[in-house]
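Below you'll find the structure, written out as structure tokens, and then a few comments.
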Amino acid sequence: MDMISVEEAEKIILAQEQEYGTEVVPFEHALGRVLAENIVADRDLPPYNRATMDGIAITYQAFVQQINTFTVRSTQAAGESPVNIININECVEIMTGAALSASVDTVIRYEDIEIKGGLVFVLIDPANIKQGQNIHQKGKDKKQGDIAAKAGLRITPAIISLAASVGKTRLKVKKLPKIIVISSGDELVDVVAEPLTYQIRRSNNYMVKAALSQHGIIADLLHIPDDPLIIAVKLKDCLQKYDVILLSGGISMGKFDYIPAALENSGAAKLFHKVTQRPGKPFWFGKHPVGTLVFAFPGNPVATFMCLHRYFLPWLNRSLNLPQPPTIYARLATDFTFTPPLQYFLQVKLNFTHEAVLTATPVEGNGSGDFANLVDTDAFIELPANRTNFKAGEVFKVWKF
Ligand SMILES: Nc1nc2c(c(=O)[nH]1)N[C@H]1C(S)=C(S)[C@@H](COP(=O)(O)OP(=O)(O)OC[C@H]3O[C@@H](n4cnc5c(N)ncnc54)[C@H](O)[C@@H]3O)O[C@H]1N2
Ligand code: MOO
Ligand SMILES: [Mg+2]
């Protein structure tokens, strides 16, 4: 199969969307997961007429009868059972969060009253007092039985708080794929090792694992040497144990790039190898008959990073039935030239102008091995393969990370 375009690669990958079922987790551990059930209000929200200001609670009828001096029946803290007034000229000193009794319907702030000699004087013009003011009415936000959060949403801190408020301590969420991130290469040593002059510490795998953890996935890590026998054994094992394998390295033209052949020998079917893009041209994608998907990313760190964001994360969203994030476009801030007939993913720094226009300033770096450059960039913009000169002010698609 010849090299395919970015769009074709994306289509092939998204067509492999999977469904991993659901599981129940403690609500405190559900952040970032996808809700697989509705969260329903177990009572009205709020469950009682709630004072929203510290002050006094009265019946509005008092003003109709020209009464604006009150005696204090009682003081009611939040958490105390509601106190009734007996006479129309009585008030309850009430605190924010306390439940009003049915005998009162209006709250006046401490700032608007004076308490002297056991009496409460209202300082403001009763014409400026509205019946029901400073009260959060029972059931105003949600009625008992209403759906307060719909299945399918990504769980945010707001949803965690909602679950807590309705006493939903366990939440049904979509299961995440079981993933292993495999690095390969004999030049790569462990992060705690002191590399020899011709070795480097492995880092791609930690970058991929960290990016996955932002999506709630705790991936396993494995390193394999450039040894075809070990690669075959390890890949065979992982193809049986995981839903998705994310590899980096070992897939290009090198004499020790054994991964594609090993995958195919293990029974995985190649769905494509090589995409007309830079970085990331040697990208290999395939599927094993047991259902395991294999994203074998090119080893150069910027290529691994780009392919993860451009292909894997959209696949994950699709498989979790989440809407894709809205497509963002930015204006190129300076002219840029790229001659090879490849779709170029240019590293950029994003900015907003005073006119709220999103701009993308190239932060080129030194090719796809320059992972240090990623620290100073916040997105790739996608420059079409069939063009060479890109002008400042032109608009291109953004892949934010
Ligand atoms: N003759 C050709 N050579 C190369 C081509 C080509 O088309 N023809 N493509 C180039 C491109 S583009 C890329 S990208 C790389 C991809 O190579 P591999 O996927 O085989 O990756 P490796 O050779 O194993 O490593 C490449 C590079 O990346 C470093 N690396 C790998 N894994 C890690 C890791 N976990 N942490 C940090 N760094 C890692 C590795 O040390 C190499 O420097 O091939 C080009 N060659
Ligand atoms: O993907 Mo390679 O990183 O184009 O250099
Ligand atoms: Mg190689």
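If you're wondering where the values come from, they're calculated on a predicted model, not measured in any experiment. First listed ligand is number 1; within each ligand, the first listed atom is number 1.
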Are [X] and [Y] ion-paired here, with the side-chain N under 4.0 Å from a carboxylate O?
X: Arg310; Y: Glu10; answer: yes
X: Asp237; Y: Lys234; answer: no
X: Asp376; Y: Lys349; answer: no
X: Lys178; Y: Asp243; answer: no
X: Glu19; Y: Lys175; answer: no
X: Arg170; Y: Glu37; answer: no

Find all atoms of ligand 1 within a distance of less than 4.0 Å from any non-hydrogen atom belonging to [X], and give their numbers and elements.
X: Asp257; value: 20 (O), 23 (O)
X: Arg202; value: 35 (N), 36 (N)
X: Lys281; value: 7 (O)
X: Met253; value: 1 (N), 2 (C), 6 (C), 8 (N)

Nearest neighbour in protein (non-hydrogen) for [atom]:
atom: atom 39 (C) of ligand 1; value: Asn204 ND2, 3.5 Å
atom: atom 1 (O) of ligand 2; value: Gly280 N, 2.3 Å
atom: atom 2 (Mo) of ligand 2; value: Ser368 OG, 3.5 Å
atom: atom 37 (C) of ligand 1; value: Ser203 OG, 3.4 Å

For Ser266 and Ala268, indicate whether the former's side chain and the latter's backbone hold a donor-acceptor pair under 3.5 Å.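 Not a single qualifying donor-acceptor pair exists.
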Would you confirm whether Gln65, through its side chain, and Ala62, through its main-chain N or O, come within 3.5 Å as a donor-acceptor pair?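 No; judged by distance alone, with no hydrogens or angles, the pair does not exist.
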Can you check which of [options] brings a heavy atom nearest to [atom]?
atom: atom 27 (C) of ligand 1; options: Leu342, Asn300, Val191, Val208; result: Asn300
atom: atom 17 (O) of ligand 1; options: Pro282, Gly185, Ser252, Ala303; result: Ser252
atom: atom 4 (O) of ligand 2; options: Pro279, Gly367, Pro340, Ala303; result: Pro279
atom: atom 24 (O) of ligand 1; options: Gly299, Gly250, Gly280, Ser183; result: Gly250

Enumerate the protein N/O/S atoms at a distance below 2.8 Å from the Mg ion (ligand 3), ignoring waters.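 You should have found Asp257 OD1, Asp257 OD2.
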Backbone, side chain, both or neither: what part of Ile200 comes under 4.0 angstrom of ligand 1, heavy atoms only?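 The answer is the side chain of Ile200.
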Residue pair Trp399 / Glu382: nearest heavy atoms and the distance that separates them: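 It is NE1-OE1, 2.5 Å.
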Stepwise side-chain hydrogen bond (donor to acceptor under 3.5 Å, both in side chains) check, Thr359 with Asn351: CA-CA 5 Å; Thr359 63; Asn351 243 312; 5.3 Å; no
Less than 6.0 angstrom separating the ring centers of Phe401 and Phe380, yes or no?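 Close enough - the centres of the two rings lie under 6.0 Å apart.
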For Phe371 together with Phe305, are the ring centres under 6.0 Å from each other?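 Distance test on ring centres: not under 6.0 Å, no.
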When only distance counts, is Glu187 in polar contact with ligand 1, meaning an N/O pair under 3.5 Å?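 Yes, since at least one N or O of Glu187 sits under 3.5 Å from an N or O of ligand 1.
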Please confirm whether Ser368 comes within less than 3.5 Å of ligand 1 when only nitrogen or oxygen atoms on both sides are compared.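 Between Ser368 and ligand 1 (N or O atoms, distance only) the closest approach is not under 3.5 Å.
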All salt bridge (Lys or Arg N to Asp or Glu O under 4.0 Å) counterparts of Glu80, not counting sequence neighbours: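 Once residues adjacent in sequence are excluded, Glu80 has no partner under the salt bridge (Lys or Arg N to Asp or Glu O under 4.0 Å) criterion.
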Which ligand 2 atoms are under 4.0 Å away from a heavy-atom of Lys281?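 Numbered from 1, ligand 2 contributes 1 (O).
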Relative to the heavy atoms of Arg278, which atoms of ligand 2 are at a distance of less than 4.0 Å?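 Atoms satisfying the 4.0 Å criterion: 4 (O).
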Which class fits the ring pair Phe390 and Phe336: parallel under 30°, tilted 30 to 60°, perpendicular over 60°?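 The rings of Phe390 and Phe336 sit tilted, inter-plane angle from 30° to 60°.
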